[in-house]
Amino acid sequence: MGVQADSIDRKKEGRLVVEETPWQQALRYANRANPYPFYEELRRTPVARQPDGTYVVSTYQEIVALLHDPRVSSDIRKLPVPVATPAEGSAEAEPITEAVISLEPNIITQDPPEHDRDRRMMTPHFVGPAHSPHLISDLEPEIRRIVEGLLDNMQGKTRFDAVDEFAYPLPVTVICKVLGVPLEDEPRFHSWIETALDALDFGPEAASEEMQSRLAGGRRAVKEFGQFAAELLDRYAQQPGPGMLSAMVNEDGPEAGMSKGVLVSNALLLIFAGHETTVNLIAHSVLTLLRHPDALEKLRRRPELIVPGVEELLRFESSVQFWHTRSAVEDIDIAGTTIPKGAPIFLAYGSANRDPKRFANPDELDLERRDNQHLGFSQGIHFCFGAPLARLEVQVAVGEFVRRVENPRLVQDPPPYRHNQIFRGPRHVLVDIDGIRD
């Protein structure tokens, strides 16, 4: 086992010093803006046991193998211990994950056959029936209208926040329309999501006083968000309305019968995932292009590169850095290491997408990169349910930003980042501009 297998004990000036593993360092907030040097170190041991017994997998080939391995479970209830545990003896002894575990499973925390059944039931309501799967593509005119309106609102400004004024309003408006969630409820669920995410920490700072103070609020937020979803589904059961949630509640096909608890859990997932990751992807795309003016200019000259360009941006700055609910249901031998039955497994997508054994010059942005099978949306049976919608939103948003925003410049680099490590993204991206083209 390499040096990353556990933290290293060394004596320094007569004291025992416990050095952090590269994974622990990558999870520190101070390194949120640039975890990649720690990922590079982490990849020297593709499957690295951490001090808490978690196995972190950081290389592309090994992650892909595990994503297709039936010996890996995605059911969070099969984890031997909570994946984020507060300090021993803390008054806040119940971690935020306990509030999540108390919910019924959803399609990313289920295993087959339940996963396959529920995803099969949900898919027609999201992309359309098999004979006419055009619900997502039919949204393009509406998405363009929203993007144009956001950019029109910036006319006359010389500075704007690419997160609050651009990256956030688009996906939250679209997902509310798709799901049938009243847009006027957005401030409520946005607050719950932010509070819950800020209470979730997988790194060495989890036991800090500051994090402990966030736990109770995070648990309340998850429960209140669940109550909101349950009440919305009840309303649609009494009086059907537009959108996917109403269609799911009133499903009357041969596979109808998803329990209310599972409906609530999947509704929370769709509301959350339907905008959170896309916000980060749009924000990171703007940030990355402003850091690479040659790429921005190339995209302006050749707008047809927006499709492969978005795939490269997905690889370059993964919105989901890792996933944390998987565990081994049998012993798994991989990359010279045995992951024992029952052990938690973290799959580090952000590291795999910079793996030089899979991607040539992985730290370079190449809008024309070939064979770009990144893990920005994962792979296997848990491939991102909302990937088609996210791709469309980002292609339109980034394409119009490049076309219409005159001489954009970063005000602060790196910008401030959100606390959460899984859904890594900037909290603000301030941009100075000369104007907005028509």
Salt bridge present between Lys260 and Asp234 (N-O < 4.0 angstrom): yes
Within 45° cone and under 6.0 Å: Arg315 NZ/CZ vs Phe359 ring: yes
Side-chain donor-acceptor contact under 3.5 Å, Tyr39 with Ser58: no
Under 3.5 Å, side-chain donor or acceptor atoms of residues 185-193 against the rest of the protein: list the pairs with distances, not counting sequence neighbours.
| residue | atom | partner | partner atom | Å |
| --- | --- | --- | --- | --- |
| Glu186 | OE2 | Tyr168 | OH | 2.5 |
| His190 | ND1 | Tyr168 | OH | 3.0 |
| Trp192 | NE1 | Glu224 | OE1 | 2.8 |

Under-4.0 Å salt bridge between Lys157 and Glu165: yes
Stepwise side chain to side chain contact (heavy atoms under 4.5 Å, CB included) check, Met154 with Phe166: CA-CA 10 Å; Met154 296 175 197; Phe166 189 62; 3.9 Å; yes
Within-4.5 Å side-chain heavy-atom neighbours: Glu364 and Phe316: no
Residue pair Arg43 / Ser351, side-chain donor-acceptor N/O under 3.5 Å: yes
Donor + acceptor pair across side chains of His382, Ser74 (<3.5 Å): yes
Pair Arg117 + Glu114: basic N to acidic O under 4.0 Å: no
CA sep, side-chain torsions, deciding dist, call: Arg326, Asp75, salt bridge (Lys or Arg N to Asp or Glu O under 4.0 Å): CA-CA 7 Å; Arg326 290 181 169 88; Asp75 191 334; over 6 Å; no
Full working for salt bridge (Lys or Arg N to Asp or Glu O under 4.0 Å) between Lys78 and Asp111: CA-CA 11 Å; Lys78 294 181 181 178; Asp111 293 332; 3.1 Å; yes
Arg144/Glu140 ion pair, N-O < 4.0 Å: yes
Polar contact flag, side-chain donor to acceptor under 3.5 angstrom, Tyr349-Gln379: no
Polar contact flag, side-chain donor to acceptor under 3.5 angstrom, Glu104-Ser259: no
Note: Glu148-Arg145 ion pair, threshold 4.0 Å (strictly below): no
Distance-only donor-acceptor check, side chains Thr59 and Glu62, under 3.5 Å: yes
Any side-chain donor near an acceptor of the partner, Asp371 and Gln373, under 3.5 Å: yes
Distance-only donor-acceptor check, side chains Gln412 and His428, under 3.5 Å: no
Arg404 bridged to Asp152 by N-O distance under 4.0 Å: yes
Verdict with reasoning, His275 to Ile175, per side chain to side chain contact (heavy atoms under 4.5 Å, CB included): CA-CA 7 Å; His275 76 279; Ile175 201 61; 4.2 Å; yes
Test item: side-chain donor near acceptor, Gln110 and Asp118, under 3.5 Å: yes
Candidate pair Trp23 and Thr54, rule side chain to side chain contact (heavy atoms under 4.5 Å, CB included), full reasoning: CA-CA 11 Å; Trp23 179 243; Thr54 296; 5.7 Å; no
Over 12 non-hydrogen atoms of neighbours within 6.0 angstrom of CZ in Arg370: no
Separation between CD1 of Ile332 and CG of Leu66, rounded to the nearest 0.5 Å: 6.0 Å
Salt-bridge contact Arg354-Glu40 (side-chain N to carboxylate O under 4.0 Å): no
N-O pairing of Arg28 and Glu20 below 4.0 Å: yes
Over 12 non-hydrogen atoms of neighbours within 6.0 angstrom of CD in Gln61: no
Derivation and outcome, side-chain hydrogen bond (donor to acceptor under 3.5 Å, both in side chains), residues Asp201 and Gln421: CA-CA 7 Å; Asp201 193 306; Gln421 299 124 330; 3.2 Å; yes
Side-chain touch Trp323/Ile345, heavy atoms, less than 4.5 angstrom: no
